[in-house]
Amino acid sequence: MSDGGDGRPVIAESDASISARTDAYFNRTRAIVEKFGDAQVTYAVFLRRPVISAPRMAVDWLRSVAARRGTSFGIEVLHEEGSWVGAGDPILYLSGSFAQLSDLETLYLQKLGAPCVAAHNAYQMAAELPTATFLAMEARHCAGAEMQDMMGYAASVGSRAAQREGAKGFIGNANDFTAHWFGQPRGFGTMPHALIGYAGSTVRAAEMFYETYPDENLTVLVDYFGREITDGLAVCRRFPEIAKAGRMSVRLDTHGGRFLEGLDPAESYAVLERHAPAAVRRYRSETELRHLVGTGVSAAAIWRMREALDEAGFPAVKIVASSGFGVGKCRVMAEAKAPVDMVGTGSFIPESWNETYATADIVEYDGVPRVKIGREFLLRHARARQKRDGGQ
């Protein structure tokens with residue numbers, strides 16, 4: 001057992017668990033090397049696309065396995081956590097016994113590739129929409145607890161990279177399990193659509209929430225009945241003190257098959273003409289136009305909600321938006337100066353999973369540089385490393 005750097009223990013897997021989960025040819029490689037003689041090797045570990053470095057989970061796991069096996073691995077992280085990494089540029093070098101390392105490749109690559117790509121996505125999203133805070137909503141889109149943990153970690157890494165450039169970034173997430181990655185004791189969230197259906201009205205759902213959690217800020221979904229403005233203002237009028245104190249938010253999650261209450265294509269264009277005319281006067285792709293003036297949670301919808309709140313005397317009520325806020329949508333929202341205070345999203349999770357595949361190639365056997373044809377570019381890094389180490 002070792003510390004994962006965030007205060008939580010990393011429990012090393014048994015050899016039987018590793019053997020069962022790794023690729024068979026790696027298990028056979030270990031047996032062959034143990035029979036014919038071990039070697040000291042160095043792996044270069046990289047991805048084929050640009051990413052944000054997020055190596056902690058892989059590194060912590062490797063250290064825990066080394067400790068359990070009574071050996072040690074040299075782990076040299078070339079790109080510190082949160083830094084940009086070019087395509088094919090090694091993120092880390094991993095050195096040690098070939099027999100001890102050969103059966104680990106499958107599993108540490110699983111823990112490296114996806115977090116690095118997701119961190120890059122989270123960084124881009126936060127950087128494109130720097131004035132909004134983000135809430136990570138990864139859990140519902142993940143295939144189990146391990147992926148959930150990796151995606152929460154990745155969002156926090158990418159967010160911190162964007163925050164260093166002035167973005168507000170991700171301030172938390174929607175579940176307790178991964179809240180620690182954001183420095184939070186628990187996840188954030190108030191109500192799902194199901195609670196509004198149970199309550200029978202948006203106002204009654206807000207009342208139920210307040211009666212149960214009177215000290216919590218109140219964020220209310222307002223799209224259940226298709227009356228975002230009507231129901232949003234009704235909740236504000238029901239809780240005027242909370243609204244005035246800035247402790248209330250309306251969350252827009254309007255279905256992509258319809259417009260926000262009161263909008264249609266013409267009125268959506270009119271809203272943006274009032275607030276961000278330049279956003280609709282330049283060439284736009286079909287997807288960009290949908291984000292600006294289409295159905296669902298568009299820039300026009302957010303602006304219309306802001307208009308309605310301000311006109312009704314609730315300028316302190318915030319707007320939370322969700323539904324498909326990937327990098328492209330965040331960029332369009334920024335160009336339309338959409339007055340969104342917080343974005344709830346899990347869209348940093350990679351869409352093309354084949355982009356997340358990390359690769360590990362041995363570049364040195366007992367100090368001799370050697371790599372398969374086609375990966376000679378890795379030798380440049382290996383030789384530079386060898387020259388540096390030899391000169392110390």
Side-chain angles (χ1 to χ4, degrees), residues 121-122 124-126 128-138 140-141 168 170 174 188-194 196 202 219-233 235-236 248-276 279-280 284-310 314 317-349 351:
N121 291 343
Q124 288 186 300
M125 290 158 61
E128 291 288 357
L129 194 51
T131 59
T133 57
F134 284 75
L135 189 70
M137 302 178 72
E138 80 289 341
R140 70 189 67 188
H141 306 300
K168 291 183 178 179
F170 287 76
F188 294 101
T190 52
M191 64 183 67
H193 291 99
I196 299 170
T202 304
T219 299
V220 184
L221 273 165
V222 293
D223 64 285
Y224 189 94
F225 296 101
R227 302 191 299 261
E228 290 89 348
I229 293 174
T230 300
D231 287 355
L233 294 180
V235 174
C236 291
M248 182 182 293
S249 300
V250 294
R251 177 181 161 203
L252 300 181
D253 196 45
T254 301
H255 188 273
R258 68 174 185 83
F259 285 92
L260 178 126
E261 178 186 12
L263 292 185
D264 56 24
E267 184 56 32
S268 295
Y269 273 99
V271 169
L272 287 192
E273 280 292 335
R274 291 196 292 272
H275 298 285
V280 290
R284 292 292 183 181
S285 68
E286 183 178 344
T287 299
E288 290 174 328
L289 278 176
R290 186 172 67 252
H291 294 331
L292 286 169
V293 294
T295 55
V297 185
S298 65
I302 295 170
W303 269 115
R304 180 67 195 107
M305 190 76 236
R306 186 72 268 163
E307 283 182 341
L309 289 168
D310 291 350
F314 299 109
V317 173
K318 299 178 178 64
I319 296 176
V320 178
S322 53
S323 187
F325 275 75
V327 176
K329 189 167 185 176
C330 288
R331 180 182 303 119
V332 170
M333 290 293 168
E335 291 173 353
K337 300 180 176 59
V340 57
D341 297 287
M342 176 178 285
V343 172
T345 181
S347 294
F348 51 86
I349 295 176
E351 290 185 2

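Minimum interatomic distance between Gly262 and Glu267 (heavy atoms only, all atoms of both residues): O-CG, 3.8 Å. The two atoms that bring His141 and Met137 nearest to each other are CD2-O, 3.5 Å, heavy atoms only. Phe134 and Ala126 get closest at one heavy-atom pair: CE1-CA, 3.8 Å. The heavy-atom pair separating Leu221 from Thr202 by the smallest distance is O-CG2, 3.4 Å. Residues Phe348 and Ala122 come closest through the heavy atom pair CB-N, 3.8 Å.
Taking the side chain as every heavy atom from C-beta outward, Val250 and Val235 never approach each other to under 4.5 Å. Residues Val320 and Asp341 are not in side-chain contact: their nearest non-hydrogen atoms beyond the backbone lie 4.5 Å or more apart. A 4.5 Å side-chain heavy-atom check between Val340 and Leu129 finds at least one atom pair inside the cut-off. With contacts defined as side-chain heavy-atom distances shorter than 4.5 Å, the pair Phe225/Thr230 does not qualify.
For the atom pair CG (Leu263) and OG (Ser268), the distance works out to 4.0 Å, reported to the nearest 0.5 Å. Of the inter-residue distances, the one linking Arg251 atom CZ with Ile319 atom CD1 reads 14.0 Å to the nearest 0.5 angstrom. Separation of atoms OH (Tyr224) and NE2 (His255) is listed at 13.0 Å; rounding is to 0.5 Å. Taking CD of Glu128 as the start and CE of Met333 as the end, the distance is 13.0 Å to the nearest 0.5 Å.
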Would you list the atom pairs, donor with acceptor, under 3.5 Å between side chains in residues 297-307 and any protein atom, with sequence neighbours excluded?
{"residue": "Ser298", "atom": "OG", "partner": "Ala300", "partner atom": "N", "Å": "3.4"}
{"residue": "Ser298", "atom": "OG", "partner": "Ala301", "partner atom": "N", "Å": "3.0"}
{"residue": "Trp303", "atom": "NE1", "partner": "Ala336", "partner atom": "O", "Å": "2.9"}
{"residue": "Arg304", "atom": "NH1", "partner": "Glu307", "partner atom": "OE1", "Å": "3.1"}
{"residue": "Arg306", "atom": "NE", "partner": "Asp310", "partner atom": "OD1", "Å": "3.1"}
{"residue": "Arg306", "atom": "NH1", "partner": "Val317", "partner atom": "O", "Å": "2.7"}
{"residue": "Arg306", "atom": "NH2", "partner": "Asp310", "partner atom": "OD1", "Å": "3.1"}
{"residue": "Arg306", "atom": "NH2", "partner": "Phe314", "partner atom": "O", "Å": "3.2"}
{"residue": "Arg306", "atom": "NH2", "partner": "Pro315", "partner atom": "O", "Å": "3.4"}
{"residue": "Arg306", "atom": "NH2", "partner": "Val317", "partner atom": "O", "Å": "3.0"}
{"residue": "Glu307", "atom": "OE1", "partner": "Arg274", "partner atom": "NH2", "Å": "3.0"}
{"residue": "Glu307", "atom": "OE2", "partner": "Arg274", "partner atom": "NE", "Å": "2.8"}
{"residue": "Glu307", "atom": "OE2", "partner": "Arg274", "partner atom": "NH2", "Å": "3.2"}
{"residue": "Glu307", "atom": "OE2", "partner": "His275", "partner atom": "NE2", "Å": "2.6"}

Which donor-acceptor pairs under 3.5 Å do the side chains of residues 285-293 make with protein atoms, sequence neighbours left out?
{"residue": "Ser285", "atom": "OG", "partner": "Glu288", "partner atom": "N", "Å": "3.2"}
{"residue": "Glu288", "atom": "OE1", "partner": "Ser285", "partner atom": "N", "Å": "3.0"}

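In this structure, the side chain of Lys337 does not engage the main chain of Ala279 through any donor-acceptor pair within 3.5 Å. A donor-acceptor distance shorter than 3.5 angstrom exists from the side chain of Thr190 to the backbone of Thr219, with no hydrogens or angles considered. Listed for the Lys168 side chain is no donor-acceptor partner under 3.5 Å among the backbone atoms of Ala132.
Residues meeting the side chain to side chain donor-acceptor pair (under 3.5 Å) test with His193, sequence neighbours left out: Asp223. When the side chain to side chain contact (heavy atoms under 4.5 Å, CB included) test is applied to Pro192, the partners found at least two apart in sequence or on another chain are Ala194, Leu195. The ring-ring contact (aromatic ring centres under 6.0 Å, His included) test applied to Phe325 returns no partner, not counting sequence neighbours.
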In sequence, state the C-alpha distance, the side-chain angles, and the governing distance for Leu233 and Leu309, and then conclude on side chain to side chain contact (heavy atoms under 4.5 Å, CB included). CA-CA 7 Å; Leu233 294 180; Leu309 289 168; 3.9 Å; yes

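Applying the salt bridge (charged side-chain N to carboxylate O under 4.0 Å, His left out) test to every pair with at least one member in residues 255-266, sequence neighbours left out, gives these pairs: Glu228-Arg258.
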